[in-house]
Trainee: 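Before I ask anything, here is the structure I am working with.
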Amino acid sequence: YVIATLRGHNGKVRSLCWTPSDTSLVSAGEDGAVYQWDLQEHKREGEYVSKSVSYASAACTADCSSVFAVGSDRALKEIEFPAAVVSRELDARVNL
């Protein structure tokens with residue numbers, strides 16, 4: 001059964017990451033949005049949107065204060081929440 005409906009993405013959601021406590025969730029999608037969700041209140045806590053990027057994967061720290069997302073721009077971004085600012089960016093097109 002459905003406990004809650006989280007509304008926000010305007011396209012396919014490509015990645016979900018739960019915190020270990022199951023109180024927060026991060027979603028990243030093809031619409032260029034990375035959202036942080038409060039699962040106890042069933043609402044969006046933070047958002048970072050870059051319409052020119054289609055996000056494929058995201059991971060978050062245990063407290064959900066940092067999210068690492070990569071997308072079609074081939075850049076790995078560290079996004080700080082709740083401010084939703086990119087604190088670091090790594091060009092993923094480099095060969096190691």
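Along the sequence shown, the residues carry numbers beginning at 1. These numbers come from the heavy atoms of this one structure, side chains and all, not from hydrogens, waters or symmetry mates.
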Trainee: If you draw a 6.0 Å radius around CZ in Arg14, do more than 12 non-hydrogen atoms from other residues or ligands fall strictly inside?
Mentor: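 Open: at most 12 neighbouring heavy atoms sit under 6.0 Å from CZ of Arg14.
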
Trainee: Any heavy-atom pair between the side chains of Leu16 and Leu25 that's under 4.5 Å?
Mentor: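 They are in side-chain contact.
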
Trainee: Which of parallel (below 30°), tilted (30 to 60°) and perpendicular (above 60°) describes Tyr48 and Tyr55?
Mentor: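 Judged by the thresholds at 30° and 60°, the geometry between Tyr48 and Tyr55 is perpendicular.
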
Trainee: Hey, any chance Val53 and Val67 share a hydrophobic cluster, counting ILVMFWY side chains that come within less than 4.5 Å of each other, even indirectly?
Mentor: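 In one cluster: yes.
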
Trainee: How long is the span from the NZ atom in Lys43 to the CH2 atom in Trp37, to the nearest 0.5 Å?
Mentor: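 Here the rounded value is 12.0 Å.
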
Trainee: What is the minimum heavy-atom distance between Ser15 and Ala58, and which atoms define it?
Mentor: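 The pair with the smallest heavy-atom distance is OG-N, 2.9 Å.
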
Trainee: Looking only at non-hydrogen atoms, find the nearest pair between Arg7 and Arg44 and report the distance.
Mentor: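 Smallest interatomic distance, heavy atoms only, reads O-NH2, 3.4 Å.
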
Trainee: Supply the atom-to-atom distance Asn10 CG to Lys51 NZ, rounded to the nearest 0.5 angstrom.
Mentor: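 Reported to 0.5 Å precision, the distance equals 5.5 Å.
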
Trainee: Check the hydrophobic clustering (I, L, V, M, F, W, Y; side-chain heavy atoms under 4.5 Å; chains of links allowed) and say if Val26 and Val86 are grouped together.
Mentor: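 Val26 clusters together with Val86.
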
Trainee: Ion pair present between Lys12 and Glu30, side-chain N to carboxylate O less than 4.0 angstrom?
Mentor: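 Answer for the salt bridge query: no.
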
Trainee: NE2/His9 to OG/Ser27 distance, rounded to the nearest 0.5 angstrom?
Mentor: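 So the NE2 of His9 and the OG of Ser27 are separated by 2.5 Å.
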
Trainee: For the pair Ser66 (side chain) and Glu80 (backbone), establish whether a donor and an acceptor sit closer than 3.5 Å, ignoring hydrogens and angles.
Mentor: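 It does not hold such a pair.
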
Trainee: Taking atom types as modelled, is there a side-chain donor on Trp18 or Ser24 under 3.5 Å from an acceptor on the other?
Mentor: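 On atom types as modelled, these side chains do not qualify, holding no pair under 3.5 Å.
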
Trainee: Out of Thr61, Ile79, Leu90, which residue meets the side chain to side chain contact (heavy atoms under 4.5 Å, CB included) rule with Phe68?
Mentor: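 That would be Thr61.
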
Trainee: Taking atom OG1 of Thr19 and atom CG of Asp63, what is their separation to the nearest 0.5 Å?
Mentor: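 Those atoms lie 9.0 Å apart.
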
Trainee: For Cys64, does its backbone N or O pair with a side-chain atom of Gln36 as donor and acceptor, under 3.5 Å?
Mentor: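 Yes: the side chain of Gln36 pairs with the backbone of Cys64.
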
Trainee: Could you give the distance from NE2 (His42) to CG (Leu6), rounded to the nearest 0.5 Å?
Mentor: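 Result: 7.5 Å between the selected atoms.
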
Trainee: Tell me whether Leu39 is reachable from Val34 by hopping between hydrophobic residues (I, L, V, M, F, W, Y) whose side-chain heavy atoms are closer than 4.5 Å.
Mentor: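 Unlinked, Val34 and Leu39 end up in two clusters.
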
